[in-house]
Structures are given as C-alpha cells and as structure tokens.
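Keep in mind it's a predicted model, so treat the numbers as computed, not measured. All residue numbers in this chain count up from 1 along the given sequence.
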Amino acid sequence: MGKPVTALRATVGRFADVKHEHYSYSVYADPAMAERFDAMRFSGPIGQLIAETQEREIARFLAPLEGRRILDVGTGTGRAAIALAKRGAMVTGVDASAEMLQVAERRAREAGADVTFVRGDAHGLDFPDRSFDAVVCLRVLMHTPDWRASLRELCRVASDRVVFDYPSIASAAALQAATRRVVHTVKPSVEAYRVFSAAEVARVLDGEGFEVGDEHKQFVLPIALHKAVNSASFTRGFEGMMERAGLMRLFGSPVTVLAQRCAS
C-alpha cells in the first residue's frame, strides 16, 4: 500500500512559483470538500454512469493494464487510480491537496488496492522523463492555472500514452463555463473552468511528439440537465440517439483523449 500522507514528500518541481492562491488549490485543500467530493461528482444514476463510462474508456485506451506503470495526475480521492490498480496496473497517484490524498489513501485501503500516493503539482512533476508507461489526468486541465505547461509535463513523464479529458468549446459546456467565470468573480468558491478546442490541444501534443490516437465524447446535453432528470435510461437513450445522428462527434463533451507518442 502507498505511504501515509503524513510521510509523503512535497514535490516542488520546476514550477515552484505557481500561485497556490488559485482556486484550484484552495478549494481542494478543504477537508470537508475532500470528504464530499465523490458524492458531488459520482452520486446518483448519472454520476454512476459517468464513473462507469470513464473507467471503461480508460481501461480500453490503456489495455493491457496488467503490470503497466501508470501515473494518475490530479488523482483527487483516488477513484481512477484505485480502479486501475484493481485491474493489475502499478499505479502512483499525485495530487496537490494533502486533504484529498488522505481520503484517497483511505479509499485504497478499504478497496484492497495497492496505490502509492504522492503529493505533487501537475505543472512540475518530480519524475524523470518517460518514467511511466502511461499517464492519466482527469478533470485537471480544465482547472489548472497553466494547462499547456501541465499537458507538456504529462507527455514528458509518459513513455507511450497519455489519457486526459477536457470540456469542448463546441459544446453546451462553453455556456456554463462562461457563466461560472462571471459568478467566480463575486463568489470565489465557485469553480470557474476553461473549455478547449481540439486544435489547440493537438498543437501542444504535436510540440511534445504526441498525437491523438483515439477519443471518447459522452454528452451533448449538459451534465447538469441529465442530473436534474436523474434517469440513466433517459441519458443512455437520448445520448445514443445523438451519437447515431452524428451530433455527438460534433458537440459531445467532455472529450476523453488518448494521446500516443509518435513513432519518429
């Protein structure tokens, strides 16, 4: 099992000057947030559907998992790290929040999953180049102060594959993101987030010698609307219809990406 959080070394890395007053650090340094995080994100039929789909797609992107060295950046409460470890991967989970890591370690212990948890920062990962077979990073780039620097770091420490996600600029998430940025100015506890175009993501990957190998898009309707309806059967039926009509490819979000190192 991973080392206790109290014994974890703090990663300073090459981006030690990142401003930790950014909401993406302060919000998740709250012990109460760490405890309720999973319930906020993955409770109810839609939350469970999101978690199940995420786990299935990551496993598909990274197969075969047995014995593969995987780094989970922004591991949070360890959901993805634990799932990967239970499928046979050798997993290290990194997060800037000691409070989130405490919950992650407890969850891993309860699940009987062997995961090493380390405190660190996505802007400057304290690992050698290509030290992991694959790197996973979920719901991080949308919040991190410098997403390009973070994505470059993911590529740097991966020998072969990087899996990450982002909300698409060509989706309903763009409207919610704009609204949240406005609200965040008067209520800092509200998580503002950015949306991405596929082109800008591809440019950063290309600069690091990676290319998009595959991707998965999950919703056309806003996730908040699906949670309000609170019916997995409705969500599967409607989003399946959107996929068959070709609209998921155009307007689906979030986008989960498999990036692979180019052969050259």
- Under-4.0 Å salt bridge between R261 and D160: no
- NZ of K86 to CG of D114: how many Å apart, nearest 0.5 Å? 13.0 Å
- Query: Is a side-chain N or O of T53 found less than 3.5 angstrom from the main chain of L49, in a donor-acceptor match?
  - Reply: yes
- Message: Using a 3.5 Å distance criterion without hydrogens, assess whether the side chain of S231 forms a donor-acceptor pair with backbone atoms of F234.
- Response: yes
- Message: I'd like to know if the side chain of S131 and the backbone of P128 have a donor-acceptor N/O pair within less than 3.5 Å.
- Response: yes
- Note, V229 side chain near T235 side chain (heavy atom, < 4.5 Å): no
- Item | Aromatic contact, Y166 with W147 (centres under 6.0 Å) | no
- Query: Short question: side chain of D165, backbone of R139 - any donor-acceptor pair under 3.5 Å?
  - Reply: yes
- Backbone of S253 reached by a side-chain donor or acceptor of S171 within 3.5 Å: no
- Message: Treating E153 as the side-chain partner and L125 as the backbone partner, does any N or O pair qualify as donor plus acceptor under 3.5 Å?
- Response: yes
- Query: Is a salt bridge present between E200 and R203, judged by a nitrogen-to-oxygen distance below 4.0 Å?
  - Reply: no
- Does the ring of F61 carry R161 above it, NZ/CZ under 6.0 angstrom from centre and within 45° of its axis? no
- Message: Any carboxylate oxygen within less than 4.0 angstrom of a Lys/Arg side-chain nitrogen, looking at E243 and K217?
- Response: no
- Query: Thinking salt bridges, do R106 and E35 make one under a 4.0 Å N-O criterion?
  - Reply: yes
- Message: Donor-acceptor pair, distance only, cut-off 3.5 Å: does the side chain of R69 make one with the backbone of A89?
- Response: no
- Query: Does the pair R60/E57 count as a salt bridge with the N-to-O cut at 4.0 Å?
  - Reply: yes
- Between E239 and L221, is there a donor-acceptor pair closer than 3.5 Å when you use the side chain of the first and the backbone of the second? yes
- Short question: side chain of H123, backbone of D146 - any donor-acceptor pair under 3.5 Å? yes
- Could you tell me whether R156 and D129 make a salt bridge, using a distance below 4.0 angstrom between a side-chain N and a carboxylate O? yes
